[in-house]
Amino acid sequence: MSVKNICCIGAGYVGGPTMAMIAKKCPHINVTVVDLNEARIAAWNDEDVSNIPVYEPGLSDVVAEARGRNLFFSTDVNSAIDIAEVIFISVNTPTKMYGAGKGQAADLKWIELCARQIASVAKNDKIIVEKSTLPVRTASAIKDILTHTGSGVSFQILSNPEFLAEGTAVEDLDSPDRVLIGGDDTPEGQEALRKLVDIYANWVPRDRILTTSVWSSELSKLTANAFLAQRVSSINALSEICEKTEANIAEVARAIGTDSRIGSKFLKSSVGFGGSCFQKDILNLVYIAKSYGLNEVANYWEQVIIMNDHQKTRFASKIVSTLYNTVNGKKIALLGWAFKKDTNDTRESPAIHVADHLLFEQANLAVYDPKVSEEQVYNDLDYLKTRERAENRANLQVYLDPYEACKGAHAIAVLTEWDEFKTYDWKSIYNNMLKPATVFDGRNVLDIAELKAIGFQVRSIGSTL
Ligand code: NAD
Ligand code: UDX
């Protein structure tokens, strides 16, 4: 029998967009996305579809097409579990901040709560799909919880990690490089796997749907993120050599990227990578390696994070040293707060670290981001607990107008690669700044020649141009 009802627990950056795409592509399947967070569900249900809680280009159109037809958002978790044949778990799995594994292991508290809730509600057989990114062998823990209910209900656990990148989620979901599904090598496991393959095959060519064991699938997700982040740290490590030697990182990236074995993607030097996944997933990989006593493996991957931390600190320190070793009381405009363009997500954004560093140096910061709210900026800084909340508010202001943010500033730091930054009237920005006026381009997106012709001092990543 084919699947008629899907439920997804977790209406976040993955659950929302992923389920909206399944609903769009499979009008014959009812998809219910549930969450404990009432405000989030209310936002997904907002009559004005532009108010959905996740900003992604094209997402509001996908939601508008399916919502109310076969896509539903609800806080009634139990009813959705009860009715679904397939349950995706797409809850958060952040780095654990207490107890054993603090600072490295994934906190699986929310995963376990989901498993226990499913176990207590389910009255008939279900397929449980791990959509969250999980440490390898988590499926056995989920299975353990589910099979000890004594209810006679049978569960199959599949791993189906998500590879979408924020900012391009709709594109990535519409036309994925691959969909990965791991299942047990038993007749029941293979039948469950086939059912999930059939759902994706409604729009994804079958040769792009890879099937593996559950363990390979779980580990492949951590591996993919580790490899991607490693490329960014590798190019960022080289950017520092470029700044000492007058080589240019963009030229180096082009020169190596044309080697088809290396490839040209993910070689953009920057102020550092951010986002909710890279750091968390590598730390998790490090923790797994350590827990098996594989210390060399753990140290190897940890270096990717150490390099990334260095790149963020190096960028912030350069601002201070360039401004004559003091930014005390100086206005510095930060353009961009999101961890990359085309998203309102700020988790682990390098902007947070750079701002914190400059606030320690007693700078006066002016932040502008086209999609991030004032409340979010302050929440991100308060979360660090590095100073009093009042101090964050006294020394950092959030602006709705980039020109006002830059007015009277000594320097501007570009921290997100938003396209709109390239089209600003840089002459007028220059005229309203203190001199010498410096731009620190943490994303290498601005036209250096144009800025220099206007009169700016420019510092970019990985070049002395
Ligand atoms: P998120 O924090 O945006 O969303 C998770 C949601 O789950 C929250 O709204 C939370 O309220 C809800 N939730 C938690 N426990 C719940 C419970 N017991 N019942 C109901 N709702 C519950 O997280 P996200 O960014 O969507 O990430 C989810 C998972 O997907 C993580 O494991 C992450 O590593 C993985 N992932 C994320 C991305 C990404 O780009 N953000 C990409 C691939 C994979
Ligand atoms: C990442 C993975 O790409 C995605 O497959 C996975 O599902 C979730 O984690 P995401 O974090 O949303 O996606 O964005 P991504 O495009 O990977 O960028 C991550 C960070 O690396 C951003 O801060 C980005 O600015 C930075 N980056 C990326 C660079 O600094 N240089 C690059 O060349 C590429």
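Positions are given from 1 along the sequence. FYI, side chains are in, hydrogens and waters are out, and symmetry mates aren't considered; it's all heavy atoms of this structure. Counting starts at 1 for both ligands and their atoms, following the listed order.
At most 12 heavy atoms of other shown residues, nucleotides or ligands fall within 6.0 angstrom of atom OH in Tyr292. Atom CZ of Phe360 has more than 12 heavy atoms from other residues, nucleotides or ligands within 6.0 Å. Atom CD1 of Ile83 is surrounded by 12 or fewer heavy atoms from other residues, nucleotides or ligands within 6.0 Å. Residue Asp177 qualifies as open at atom CG: its count of foreign heavy atoms under 6.0 Å is 12 or below.
Remark: the backbone N or O of His353 is not paired with any side-chain donor or acceptor of His357 at under 3.5 angstrom. Looking at Glu130, its side chain does come within 3.5 Å of a backbone N or O of Ala139 through a donor-acceptor pair. Using modelled atom types, no side-chain atom of Glu348 and backbone atom of Ser276 make a donor-acceptor pair closer than 3.5 Å. Without hydrogens or angle criteria, Lys126 side chain to Ser154 main chain gives no donor-acceptor distance under 3.5 Å.
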When you pair each N or O of ligand 2 with protein N or O atoms, which pairs come out under 3.5 Å?
from: ligand 2; atom 1: 5 (O); to: Phe163; atom 2: O; distance (Å): 2.8
from: ligand 2; atom 1: 7 (O); to: Glu162; atom 2: O; distance (Å): 3.2
from: ligand 2; atom 1: 7 (O); to: Phe163; atom 2: O; distance (Å): 3.4
from: ligand 2; atom 1: 7 (O); to: Leu164; atom 2: O; distance (Å): 2.7
from: ligand 2; atom 1: 7 (O); to: Lys221; atom 2: NZ; distance (Å): 2.8
from: ligand 2; atom 1: 12 (O); to: Glu166; atom 2: N; distance (Å): 2.7
from: ligand 2; atom 1: 14 (O); to: Lys340; atom 2: NZ; distance (Å): 3.3
from: ligand 2; atom 1: 16 (O); to: Lys340; atom 2: NZ; distance (Å): 2.7
from: ligand 2; atom 1: 23 (O); to: Gly274; atom 2: N; distance (Å): 2.9
from: ligand 2; atom 1: 23 (O); to: Phe339; atom 2: O; distance (Å): 2.9
from: ligand 2; atom 1: 25 (O); to: Arg443; atom 2: NH1; distance (Å): 2.6
from: ligand 2; atom 1: 30 (O); to: Ser270; atom 2: OG; distance (Å): 2.6
from: ligand 2; atom 1: 31 (N); to: Lys268; atom 2: O; distance (Å): 2.8
from: ligand 2; atom 1: 33 (O); to: Leu267; atom 2: N; distance (Å): 3.3
from: ligand 2; atom 1: 33 (O); to: Lys268; atom 2: N; distance (Å): 2.8

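Between Glu162 and ligand 1, no N or O atom pair is found at a separation short of 3.5 Å. Between Asn37 and ligand 1, not a single N/O pair is under 3.5 Å apart. The shortest N or O to N or O distance between Asp281 and ligand 1 is not below 3.5 Å. Checking only distances, Val14 does come within under 3.5 Å of ligand 1, N or O to N or O. Checked against a 3.5 angstrom limit, the closest N/O atoms of Asp345 and ligand 1 fall outside it. At least one N/O-N/O distance between Glu166 and ligand 1 falls below 3.5 Å.
Note on Lys312 versus Asp309: salt bridge recorded, some NZ/NE/NH1/NH2 to OD/OE distance being below 4.0 Å. A salt bridge between Lys195 and Glu85 is absent, with no side-chain N of the basic residue lying under 4.0 Å from a carboxylate O of the acidic one. Using a cut-off of 4.0 Å between Lys/Arg side-chain N and Asp/Glu carboxylate O, Glu240 and Lys244 are scored as not salt-bridged.
Atom 15 (N) of ligand 1 has its closest protein heavy atom at Trp110 CD1, 3.3 Å. Atom 11 (O) of ligand 1 has as its closest protein heavy atom Asp35 OD1, 2.6 Å. Scanning the protein heavy atoms around atom 17 (C) of ligand 1, the nearest turns out to be Leu36 CD1, 3.5 Å.
When each of Arg347, Lys341, Lys371 is paired with Glu166, the salt bridge (charged side-chain N to carboxylate O under 4.0 Å, His left out) condition holds for Arg347 and for no other.
Remark: ligand 1 atoms within the under-4.0 Å shell around heavy atoms of Lys221 are 43 (C). Atom numbering of ligand 1 starts at 1 in the shown order; those under 4.0 Å from a heavy atom of Ser90 are 5 (C), 28 (C). Near Cys114, the atoms of ligand 1 lying under 4.0 angstrom from a non-hydrogen atom of the residue are 18 (N). Close approach to Ser276 involves these atoms of ligand 1, each under 4.0 Å from a residue heavy atom: 41 (N).
The heavy atom nearest to atom 8 (C) of ligand 1, considering only Lys131, Arg40, Lys280, Gln117, is found in Arg40. Nearest to atom 29 (C) of ligand 1 by heavy atom, out of Val91, Asn92, Thr93, is Val91.
Using a 4.0 Å cut-off between heavy atoms, Thr133 contacts ligand 1 through both its backbone and its side chain. Heavy atoms of Ser132 found under 4.0 angstrom from ligand 1 belong to the backbone as well as the side chain. With a 4.0 Å heavy-atom cut-off, ligand 1 is reached by the side chain of Cys277 but not by its N, CA, C or O. Counting heavy atoms closer than 4.0 Å to ligand 1, residue Arg347 contributes side-chain atoms (C-beta onward) but none from N, CA, C or O.
The ring of Phe273 has its center closer than 6.0 angstrom to the ring center of Phe278.
Looking at residues two or more places apart in sequence or on another chain, you find no salt bridge (Lys or Arg N to Asp or Glu O under 4.0 Å) involving Lys268.
Taking the ring centre of Phe163 as origin, the terminal cationic atom of Arg178 falls inside the region bounded by 6.0 Å and 45° from the ring axis.
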